[in-house]
Amino acid sequence: MKNSHISLLASILFCFGITSCENQEITEPSSGINLNAKKNIDASIGIIGDPDNVDTNTSGGTLLMGGSTDVDAAMLWMLNKSGGGDIVVLRSTGTDAYNQYLFDLGSVNSVETLLIDSREKANSVTVESTIRNAEAVFIAGGDQYNYVQYWKDTKVEDALNYLRNIKNVVIGGTSAGCAIQGGIYFDAMNGTIRSEEALRNPYHKNLTLQKHNFIDNPYLRNVITDTHYDDPDRRGRHVTFLARINEDWDIRGKGIGVDERTAVCIDENGKARVFGEGYAFFLNQYFKGPERCQPRRSLDWYRDRRAVEAYKVLGNSSGTNYFMLDRWTTGSGGEWQYYYVDRGRLRISY
């Protein structure tokens with residue numbers, strides 16, 4: 001046992017003297033225990049308000065924001081659902097700028113930002129505990145593939161699904177933080193893809209999708225979200241996502257697209273209220289799948305000019321316009337459109 005301790009001390013001194021130990025595993029020779037597994041890494045980059053945990057009455061929901069300027073009314077909707085509890089902001093880059101904004105916007109106990117930029121942090125018991133104790137979580141914008149590669153299949157994923165489906169807590173997100181919330185999602189592993197690229201080749205190397213393996217939001221199992229819908233126009237790539245979902249997995253997929261400065265707030269009954277300045281789009285494969293969805297050939301999804309039906313809803317400050325996600329047939333304050341693709345060109349009919 002004495003020799004084991006000497007060996008451990010020597011390995012530690014070697015690390016400090018020659019190279020960094022940050023990414024090296026150190027194992028206690030006598031027990032075989034990975035000492036890194038004992039680390040309780042704190043990813044917090046700032047907290048405002050009362051640092052002591054509180055328990056409040058919460059109500060579940062999902063906030064999908066399209067990016068650019070945040071929508072105050074939607075954020076307040078989220079804070080109200082927290083019952084005045086502890087708000088946690090998640091991100092993989094950036095600052096704690098949301099802390100003061102959210103704390104000043106509503107009556108809450110605290111707002112804390114966690115910067116989780118590695119799988120080591122995402123598997124920290126401290127990070128997991130902070131998320132599980134939250135009464136609302138908001139995922140900031142950034143690069144959604146960072147969230148996938150750092151957070152999927154970790155304690156962060158487990159904590160988010162615990163909050164949403166057991167503790168009944170609202171989860172929100174903007175831009176990349178919205179893009180990962182559908183049961184099916186564009187992971188951006190190889191970077192972004194433009195509508196014209198997707199329509200021209202639905203199996204473009206940048207069009208990478210995953211399904212049913214990350215965040216499990218009620219009403220969103222077979223839904224793929226998209227953001228910044230008006231800048232640039234992303235309807236073409238969103239329709240192509242639906243074509244691939246049908247072609248690859250035989251799923252009649254659905255989509256929610258959100259303009260910038262606009263947000264969709266989904267309550268526990270599936271009522272999706274639209275807040276903000278722009279539009280939200282609720283897409284549903286109308287009948288059959290695409291006539292042609294093949295690599296290196298343009299998408300062709302005509303189906304009598306009704307390939308995908310879309311309910312277009314204008315947002316406002318009170319969220320009075322809405323769409324019901326329980327059946328995907330009923331809404332208020334919007335209009336129906338039909339999207340189809342004619343040899344790689346998106347068309348719209350009414």
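Values below: every heavy atom of this structure, side chains too, minus hydrogens, waters and symmetry copies.
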Determine, step by step, whether Asn146 and Trp151 satisfy the side-chain contact (heavy atoms from CB on, under 4.5 Å) criterion, reporting the C-alpha distance in whole Å, the side-chain angles of both residues, the deciding distance to 0.1 Å, and the verdict. CA-CA 8 Å; Asn146 282 342; Trp151 304 353; over 6 Å; no
Would Asn316 and Ser318 satisfy side chain to side chain donor-acceptor pair (under 3.5 Å), going step by step from the backbone distance to the final call? CA-CA 6 Å; Asn316 57 42; Ser318 55; 3.3 Å; yes
Could you walk me through whether Val156 and Glu128 pass side-chain contact (heavy atoms from CB on, under 4.5 Å), step by step? CA-CA 6 Å; Val156 167; Glu128 179 188 27; over 6 Å; no
Show your reasoning for whether side chain to side chain donor-acceptor pair (under 3.5 Å) applies to Arg273 and Thr320. CA-CA 7 Å; Arg273 300 168 62 190; Thr320 52; over 6 Å; no
Between Leu102 and Met75, is a side-chain contact (heavy atoms from CB on, under 4.5 Å) present by the stated rule, with each step listed? CA-CA 8 Å; Leu102 291 174; Met75 289 295 212; 4.1 Å; yes
Passes side chain to side chain donor-acceptor pair (under 3.5 Å), Asn99 versus Glu112? Steps please. CA-CA 6 Å; Asn99 287 6; Glu112 183 172 12; over 6 Å; no
Under the side chain to side chain donor-acceptor pair (under 3.5 Å) rule, what do Asn123 and Thr154 come out as? Steps first, then yes or no, please. CA-CA 6 Å; Asn123 277 311; Thr154 68; 4.7 Å; no
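Residues Asn40 and Val125 come closest through the heavy atom pair OD1-CG2, 2.6 Å. Here the shortest heavy-atom pairing between Val258 and Met65 reads CG1-C, 4.3 Å. For the residue pair Ala280 and Val264, the shortest heavy atom distance occurs at CB-CG2, 3.5 Å. The two residues Gly106 and Leu76 make their nearest non-hydrogen contact at CA-CD1, 4.1 Å. Looking at every heavy atom in both residues, Thr93 comes nearest to Arg91 through O-NE, 2.6 Å. Nearest approach of Ile116 to Tyr150, heavy atoms of both residues: O-CD1, 3.9 Å.
Between the side chain of Glu135 and the backbone N or O of Asp86 there is at least one donor-acceptor pair closer than 3.5 Å. Judged by distance alone, with hydrogens and angles left aside, the side-chain atoms of Arg292 form a donor-acceptor pair with the main-chain N or O of Ser298 at under 3.5 Å. Between the side chain of Asn246 and the backbone N or O of Asp250, no donor-acceptor pair lies under 3.5 Å. Counting only distance, with no hydrogens or angles, the side chain of Tyr311 and the backbone of Gly334 share a donor-acceptor pair below 3.5 Å. Between the side chain of His212 and the main chain of Ile184, no donor-acceptor pair closer than 3.5 Å is present. Formation of a donor-acceptor pair under 3.5 Å by the Asn133 side chain with backbone atoms of Asp55 is not found in this model. Although no hydrogens or angles enter the test, the distance criterion places no donor-acceptor pair under 3.5 Å between the side chain of Thr113 and the main chain of Val89. Judged by distance alone, the side chain of Lys254 and the main-chain N or O of Gln285 form no donor-acceptor pair under 3.5 Å.
At a threshold of 4.0 Å, the pair Asp248-Arg244 counts as salt-bridged, since one of the basic side-chain nitrogens sits closer than that to a carboxylate oxygen. With respect to the salt-bridge test (charged N to carboxylate O, under 4.0 angstrom), the residues Glu196 and Arg200 do not qualify. Ion pair Asp216/Arg164 not flagged as a salt bridge, since none of the NZ, NE, NH1 or NH2 atoms sits closer than 4.0 Å to an Asp/Glu carboxylate oxygen. A salt bridge is absent between Lys152 and Glu157; no separation between the charged side-chain nitrogens and carboxylate oxygens falls under 4.0 Å.
With Tyr98 as the partner, the side chain to side chain contact (heavy atoms under 4.5 Å, CB included) test is satisfied by one option alone out of Ile87, Asp70, Leu90: Asp70.
For Asn190, the CG atom sits in a packed shell: over 12 heavy atoms of surrounding residues, nucleotides or ligands are nearer than 6.0 Å. By the 6.0 Å contact criterion, OH on Tyr101 is enclosed, its count of non-hydrogen atoms from other residues, nucleotides or ligands being greater than 12.
Between the side chains of Ser124 and Arg119, no donor-acceptor pair is found at a separation under 3.5 Å. With no hydrogens or angles considered, no side-chain donor-acceptor pair links Ser92 and Asp117 at under 3.5 Å. In this model, no donor atom of one side chain and acceptor atom of the other lie less than 3.5 Å apart for Gln181 and Thr225. A donor atom on one side chain and an acceptor atom on the other are not found under 3.5 Å apart for Thr58 and Asn168. When only modelled atom types and interatomic distance are considered, Ser68 and His228 share no side-chain donor-acceptor pair under 3.5 Å. A donor atom on one side chain and an acceptor atom on the other are not found under 3.5 Å apart for Asn201 and Glu197.
Ring-centre distance between His238 and Tyr229: below the 6.0 Å cut-off.
Linking ILVMFWY side-chain heavy atoms closer than 4.5 Å, directly or via other members, places Leu79 and Val88 in two distinct hydrophobic clusters. Note: the hydrophobic cluster containing Val71 also contains Leu63 (ILVMFWY, side chain heavy atoms under 4.5 Å, direct or indirect links). No continuous path of hydrophobic side-chain contacts links Val54 to Val108 [ILVMFWY only; heavy atoms under 4.5 Å]. Cluster annotation: Val308 is connected to Ile251 through the hydrophobic network of ILVMFWY side chains, with a link wherever side-chain heavy atoms come within less than 4.5 Å. Criterion: ILVMFWY side-chain heavy atoms under 4.5 Å apart, direct or through other members. Under it, Leu283 and Ile245 are part of a common hydrophobic cluster.
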Side-chain donor-acceptor contacts of residues 335-347 below 3.5 Å, not counting sequence neighbours, with atom names and distances?
from   : atom 1 : to     : atom 2 : distance (Å)
Gln337 : OE1    : Tyr339 : OH     : 2.8
Tyr338 : OH     : Arg306 : NH2    : 3.2

Hey, can you pull the donor-acceptor pairs under 3.5 Å for the side chains in residues 326-333, sequence neighbours left out?
from   : atom 1 : to     : atom 2 : distance (Å)
Trp328 : NE1    : Leu325 : O      : 3.1

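Rounding to the nearest 0.5 Å gives a distance of 13.5 Å between OG of Ser44 and CD1 of Ile41. Taking CD1 from Ile45 and CG from Asp96, the interatomic distance works out to 5.5 Å, rounded to the nearest 0.5 Å. Taking CG of Asp259 as the start and CZ of Arg234 as the end, the distance is 11.5 Å to the nearest 0.5 Å. With values rounded to the nearest 0.5 angstrom, Cys293 atom SG is found 11.0 Å from Leu242 atom CG. Rounding to the nearest 0.5 angstrom, the gap separating the CG atom in Asp267 from the OG1 atom in Thr62 is 9.5 Å. Ile193 contributes atom CD1, which lies 9.0 Å from atom CG of Leu199 (distance to the nearest 0.5 angstrom).
Looking at Asp226 and Phe241, their side chains come closer than 4.5 Å, going by heavy atoms from C-beta outward. Side-chain contact between Phe281 and Ile256 is absent, with no heavy atoms from C-beta onward closer than 4.5 Å. Contact annotation: the side chain of Pro290 approaches that of Glu247 to within less than 4.5 Å [non-hydrogen atoms, C-beta and beyond]. Contact annotation: the side chain of Phe138 approaches that of Thr174 to within less than 4.5 Å [non-hydrogen atoms, C-beta and beyond].
Relative to the ring axis of Tyr286, Arg303 does not place its NZ or CZ within 45° and under 6.0 Å from the centre. Because its NZ or CZ atom is both nearer than 6.0 Å to the ring centre of Tyr279 and within 45° of the ring axis, Lys312 counts as a cation-pi partner of that residue.
Qualifying salt bridge (charged side-chain N to carboxylate O under 4.0 Å, His left out) partners for Glu268, counting only residues two or more places apart in sequence or in other chains: Lys81.
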